[in-house]
Structure formats: structure tokens, C-alpha cells
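Chain letters run A, B, ... following the sequence lines, proteins first and then strands; every chain starts at 1. Here the structure is a predicted model, which is why all the values come from computation and not from measurement. Hydrogens, waters and symmetry mates play no part in the numbers below; they use all other heavy atoms, side chains included.
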Protein chains: 2
Amino acid sequence: MPTIQDVARRARVSTATVSRVLSTPGVVSEATRERVMAAVDALGYEPNYAAKSLRTLRTAKIVVTVPDISNPFFSSVIRGAEEAAQAAGYSVLLGDTRHSTEREEQYAGMLRRKEADGLIFLGHRLPNTLAELIGRQGARAPVVNGCEFSPDLGVSSAHIDNAAAAAEAMDLLYGLGHRIIGVITGPLASPISRDRLEGVRASAGRHGAETTLRIATGDFSVESGEREAQGLLAGGDTPTALFCFSDEMAMGALAAARRAGRRCPDDLSLVGFDDIRFARYLDPALTTVSQPMEELGRTAVALLLDILAGRQTAARSVTLPHHLAVRGSTGPARR
Amino acid sequence: MPTIQDVARRARVSTATVSRVLSTPGVVSEATRERVMAAVDALGYEPNYAAKSLRTLRTAKIVVTVPDISNPFFSSVIRGAEEAAQAAGYSVLLGDTRHSTEREEQYAGMLRRKEADGLIFLGHRLPNTLAELIGRQGARAPVVNGCEFSPDLGVSSAHIDNAAAAAEAMDLLYGLGHRIIGVITGPLASPISRDRLEGVRASAGRHGAETTLRIATGDFSVESGEREAQGLLAGGDTPTALFCFSDEMAMGALAAARRAGRRCPDDLSLVGFDDIRFARYLDPALTTVSQPMEELGRTAVALLLDILAGRQTAARSVTLPHHLAVRGSTGPARR
DNA sequence: ACCAATGGTGAAATCGATTACATGATCCTA
DNA sequence: TAGGATCATGTAATCGATTTCACCATTGGT
């Protein structure tokens, strides 16, 4: 593999000139530039990345950690992040943490080893390593939260207005005449779950239905949706509608409802959250809160790039628009 | 950020000794080792990664390219790959190529810039950059194919026996009495599509049903599944069963069938491919060819690590076991 | 015709680690 | 007790780029 020395020798210039041709072509004379480029092409030279990185202290890489990449919500956010990063000349180091703190810390360590310039985390937990970093550098720390806004972390983030979105979903159900509504949340450690729950409660309050809320705690997975829905639908005085904090859980709930002999939307209305690609292909098509998933990823990267460019002084939180996609899984409550 | 010099100074040893303590502790005396470790801890030292990489010519990174990370099949394979890489001390650079040759080439370039030690590609196209590399280095080129086996590429790969799997799926349908069967393939440029089609034809031949095969070409996406199914189900003499080369397409087909007033499995049997997490949650639960997706990723990484360790002399292709998961979407043909 | 400004280029320091080789101390053996 | 073997450590070269500074050659103004 040829080095800059080889190119310099072949073009009969110094390595300084070769470097200039490649990074600041303007300051080099036309003739030399051509000679150097000819040598570069002839040798198939590509600058060694490690050497460049060592000298410039930049890696052009960002770490993105997710609790589970096979979750369609996360993989869509990642997709947006990858796109924006790529467009800005960065590459993405994927960190699938599998909900493990240890792995989270491990990936956070890449920042200290200068293995990456910045980090975006899509979970809700802030690894200690990063907390320290933020303690030292404040808003200049190259860390952004991808989708779970938590103001107390002091980290920039991209997200939707989860409380408002959840309230809208509940408003829809109350508007359809439902009174007893089951809600399957995500883990309550997660701020998005708490925000959404707050929106749920606000809507219930407006409709005088605080006492007929049935709340169950899931973990966003299909399995937990199925399990919790089964619980909510057992016994008498059961909900006529379910609101799940993820589409995956709604899929599970749909299966549970079927097994319980409840038909959707006739016997049970169902609302999900995220609007993953498959939501509209369920039977019935799932009514859900539509999040701009790829845009969340792109925005998180934009925030990070601002920090890396020194354009950022205080933690910034960007709220992106959502909308309620009303489809076939919701209908009027049967009396 | 402290350097090895700082640690050496503080521990009153040379940088060489510090380096040895960290990488080959055995050769250093107990006392010095403790002194150095104390300095390391006190300063919070972490070796600078770029410097290490420049010196050792190793990056401890592998690139994994996928046509679309938001596709559950690919994200599961990636998940397995990330796990195995992490376990071996490597990290994964994610390349979402969005089916673009240009982006594929770009990621392949990371190998030439020594930005990564190896590359796994999950698509079926071999970028030129890699083809050249393989031309020069043969089986020692650090390149592995993740799921689409193509012997002519001269690249190691992990995959299932696609022809056999497809044949089993068809055998099931013929066994249930179906005669006219629609098949929605992936792009025929992709070897897995061709292999599966071959299996389909073999089974049809065994059942004397070559002339009642109805073949349509999709692109693995839900949308294409819906579109092609709609075509196959229009007009008279339509198939009583559909076999789709991906679960996503099967989801689309299911929606199309519903719209055409065909109930599954009563009026139409449906078989998918991959067994993504959601397959069993469809209504009816989808009969599908179950691929060991995470294991495919892990195996691809294992193959790559073998190459990187110099343990590999010829391209190796590993066939992993699959099985047919028979669920509710298939049933006897109505006469 | 001289001086200053400008433009193009090269020499060499530098980034922060690893490692081949040299060195000195200690120990064992003949 | 001399000699070699063994062990622990240090010196310094090295990986391959970027960039500061110095230098020389033009150019233009007075």
C-alpha cells in the first residue's frame, strides 16, 4: 500500500506538497497539482487513516448506541443518523448494548480513547463515563440523546412532544366513546414512558376518566404487549380500548385480543406508538402515533455536528412534529 | 487527556514499560507493574487509539454493509455480527448502502484507507474495490459475504441452503393439495433469489406442477409483496397458495389477499421466508422458512476473524441449518 | 533599481503509541 | 569465581500523515 512518501518521490515534490494538494489544493500551483494527482492516481494512493487521525485528533466517526438494533423503531432512527453522518463525512460505529450497562460504558469509553469524535445514545440511561464527561465539559461534551428527552441529563436531544402525542391518542379514544381504557407503557425508568403517561393522565382528566384508566407496564417488546394485554383483558369490566406505547406491543396486544375472542376494532380499539413500517399492514391497519424516526436520527446527528464544530454553547432540545395516523384499529365504543 | 508519557513520568519508568504493563504484563516485575497501574488509575489514562492503530496497523474495526438496516432480517443479522465482533474485541462500522453502488464503494474504500480491518457485506453485489482486492489477495482478502452465497465471487460466506429450504416450503404446499402456486421472488440479480427459485422449480417438478407455477418478481419489501400478490390474485385461475421470498413481502401479500376478499388460510395459503420476529404475530401466524439470522451474523464474523488471523487459505462457505415453521397461514387446498 | 509583498515549496517537528535492540543486574553452573 | 543465561528495563526508531516556519523566486510599486 503506497504512502505519501511514495507519492512525493514519484511526483518529485515533498510530502508537504502532496498533503497540500489533497487537503488545500488552492495553495498549490496548477502544474505541481497535476503532477501530484497523476502520481496519486498511478499509485492508487489513499491517505492512511490512522496517521491522519493521530495528527489531527479527529476520527470522523460517531458512536450510536441502541438498546436493540433489531427493534424497527431504533433501526429507523439509526438509518437516519447514518445518512446524515455519511453526508457530513462521518461514519457510524454501531453499539448494540442489549440493555446492558456494561456495554454502554464500553462504548462510552470509545470517546475517551479518541476512537470516536462524538456519541449519540438512543436509550435513556446515561453511562457514568459520559456523565463525568458532561460534568467536566458541560454542553461542549460531544454527546447527544437520540430520542428520549431528559432535561436533567444536561444533554442535547431530539424528540417529539411525547406528552402531547399520547394525549392526542387518548383524546381520539375518548372521542369515540371509550371510557375504560387500558394503557400499556414502557419501562417507567424511561422518560418517554413517563412523559407519555403524563399525557395520558392529562387527557383522562379532561374527560373525567381518571378512575377508569387501567395501567400496565411493558417493556416495548411484542411479548410484553401480549402478556400485559392478556392481563388487562381478563376478568370483568375490561377496557374497550388499549393504548400501547409501541407498535410492537400493539402487535402483541392484537394477538392477545384475538386469543381472548375480542375482535378489533368492533370489540376493542387499539392504538400504537411509533408508526413502524408494518403498522399499516396489520389487520386491521394500526392506528398509531407517527414519529419521524429517520428525522430523529438526522436531527440528533445535526446537533452533534454543531457541538463538534464548536457552534453550541448550551444543551439544546429539538422537538419534531408527530401526527396521529388514524387507521382501522380504532372505532366507536360499543355500548 | 493524559498520554503514555505522563504515565511514564509519574511512575518513574520509560514509556516502553508502561506499554508493556498494558499489553504484556507478564514480562514486567510485580513492583513496577503496581507502580504503573497506580499512575494509570490516578491519571485516568487510556491509550490513544489512533496512535496505537498507526503503529500496529490494526484498527479493531470491521465494516458491515447492508442494503437497508431498517429491514428486520438485516438488522437481526447485524445484531449477531455486532455481538460476535464485540466479543472478539472488534467494533462494527455500520454501512447502510440504501442499495446504492456508490455508497457500497465508499464503504469498501475504508479497507484501503486502513480505516477497518475487514468487511462483511450483506447485499449480493461485490463492489469493484473489493473485487480488485480479492483479485490481488485471493482468499486472504478480509472480505466475507453475510447471507447471499455466490460461489463465483471467491468470497467466504455464511448462509442457509436456500434451494432446499424453498423446496421444503413448496413441498408443504403441494402436500396440502395446492396445485396452482404463486411465487414472489426477490430481485433475480440476487443469488439467493435464484437459489430459492431453483428449489421451487425442483419441487414443482417432483410434483408434476411445472406448468402451474406463477412467478412474480418482487424486491423483498412489503410494498412489492402487496403489488405482486395483487397481480397474481387478479383474473381467473388464480393460485390457491403464495410463497414469498421474504416475510415482509408475505405481509404485503396478506394485505392484498384481504383486499381481494381472500381469507387466509381458508381461501389462500401463505408462506414467507426469514421468520422475522413479527411473523408469528400476524393473523394468521405466518408459516415461514426460519433462518438463524443472528447466527448468520456471528458466523460471518467468525469467518472474517479467521481470515484476519491468517487461519484461512481458501474461501469457505458455511451452511447453517434452517427449518420450516408451520403456523396458521397454511392449510389444505379447497377443492 | 531597490524594497516589500506575494506565492509556491521544502525541511523538520509533531501526534502517541509499540517494539527491536541494547544494557545492566542477578543468578546459576562448572 | 568466571562465564553465560535470564530477567527487567531503557533508548530510540518507527508507523504515515499534517503543519509551522523558513526560504527562494517572482511581481509590482515608487
Side-chain angles (χ1 to χ4, degrees), chain A residues 1-40 43-61 89 91 109-117, chain B residues 1-40 43-61 89 91 109-117:
Chain A
M1 203 101 312
T3 73
I4 199 172
Q5 321 279 350
D6 301 327
V7 176
R9 200 156 28 235
R10 189 176 174 122
R12 315 194 147 281
V13 295
S14 72
T15 63
T17 299
V18 176
S19 176
R20 281 189 279 253
V21 168
L22 263 25
S23 47
T24 51
V27 305
V28 172
S29 78
E30 177 74 25
T32 343
R33 191 175 6 168
E34 276 171 12
R35 203 144 35 88
V36 170
M37 284 314 293
V40 166
L43 296 172
Y45 168 73
E46 298 245 10
N48 176 299
Y49 159 80
K52 177 182 222 143
S53 169
L54 173 58
R55 187 58 232 248
T56 60
L57 299 179
R58 276 190 71 246
T59 64
K61 296 200 181 352
S91 359
M110 298 186 107
L111 240 44
R112 276 196 298 161
R113 283 187 300 270
K114 297 225 189 309
E115 220 168 323
D117 298 334
Chain B
M1 202 102 306
T3 72
I4 199 172
Q5 320 280 348
D6 301 327
V7 176
R9 204 156 24 231
R10 186 174 177 123
R12 318 195 144 278
V13 294
S14 72
T15 64
T17 300
V18 176
S19 178
R20 281 190 279 253
V21 168
L22 263 24
S23 47
T24 50
V27 306
V28 171
S29 77
E30 177 74 23
T32 339
R33 192 177 5 174
E34 275 171 13
R35 203 144 36 89
V36 169
M37 284 314 292
V40 165
L43 296 171
Y45 168 74
E46 297 248 8
N48 177 301
Y49 158 80
K52 177 183 222 140
S53 169
L54 172 58
R55 187 56 230 252
T56 58
L57 298 179
R58 276 190 73 243
T59 65
K61 294 196 181 0
S91 4
M110 298 186 107
L111 240 45
R112 276 196 297 159
R113 283 189 299 273
K114 298 226 191 310
E115 218 167 326
D117 298 333

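Looking at every heavy atom in both residues, Pro2(B) comes nearest to Leu43(B) through CG-O, 3.3 Å. Closest heavy-atom contact between Ala50(B) and Ser53(A): CB-OG, 3.4 Å. Across Tyr45(B) and Leu22(B), no two heavy atoms sit closer than the pair CE2-CD2, 3.5 Å. Looking at every heavy atom in both residues, Thr15(B) comes nearest to Ala8(B) through N-CB, 3.8 Å. For the residue pair Leu111(A) and Asp117(A), the shortest heavy atom distance occurs at CD1-C, 4.1 Å.
The interatomic distance linking Arg112(A) (CZ) with dA17(C) (P) rounds to 14 Å, in whole Å. Separating the NZ atom of Lys114(B) from the P atom of dC15(D) is a distance of 13 Å, rounded to the nearest angstrom. Between Gln5(A) atom CD and dG10(C) atom C1' the separation is 13 Å, expressed in whole Å. Taking atom CG of Leu57(B) as the reference point, atom C1' of dG16(D) lies 10 Å away to the nearest angstrom. In this entry the distance linking CE of Met1(B) with P of dC15(C) reads 16 Å, nearest Å. Separating the CZ atom of Arg33(A) from the P atom of dG8(C) is a distance of 9 Å, rounded to the nearest angstrom. Residue Arg9(A) contributes atom CZ, which lies 12 Å from atom P of dG16(D) at whole-angstrom precision. Regarding Asn48(A), its CG atom lies at a distance of 8 Å from the C1' atom of dC15(D), rounded to whole Å.
An OP1 or OP2 oxygen of dC15(D) is reached within less than 4.0 angstrom by no side-chain nitrogen or oxygen of Ser53(B). One finds no side-chain N or O of Thr3(A) lying less than 4.0 angstrom from the OP1 or OP2 phosphate oxygen of dG16(D).
Using a 4.5 Å heavy-atom threshold, the side chains of Arg35(B) and Val40(B) count as separate. Here the side chains of Asn48(A) and Thr3(A) are not in contact, with every heavy-atom distance at 4.5 Å or above. For the pair Tyr49(B)/Thr59(A), no side-chain contact is recorded, criterion being any heavy-atom separation below 4.5 Å from C-beta on. Two residues are said to be in side-chain contact when any heavy atoms from C-beta on lie closer than 4.5 Å; Thr17(B) and Thr32(B) meet this criterion.
Residue contacts for Arg12(B): at a heavy-atom cut-off of 4.0 Å it reaches the sugar-phosphate backbone alone, with no base atom in range. Nucleic acid contact for Glu30(B): none, since no nucleic acid atom lies under 4.0 Å from a heavy atom of the residue.
Comparing the start and finish of the helix from dA1(C)-dT30(D) to dC27(C)-dG4(D), five pairs each, the helix axis swings through 50°, to the nearest 10 degrees.
Between Thr32(B) and Leu54(B), the residue anchored nearer the 5' end of DNA chain D, judged by the nucleotide with its closest heavy atom, is Thr32(B).
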I'd like a table of atom pairs between the protein and nucleotides 18-22 of chain C - only N or O on both sides, under 3.5 Å - with the distance next to each one.
unit_1	atom_1	unit_2	atom_2	d
dT18(C)	OP2	Ser19(B)	OG	2.4
dT18(C)	O2	Arg55(B)	NH1	2.3

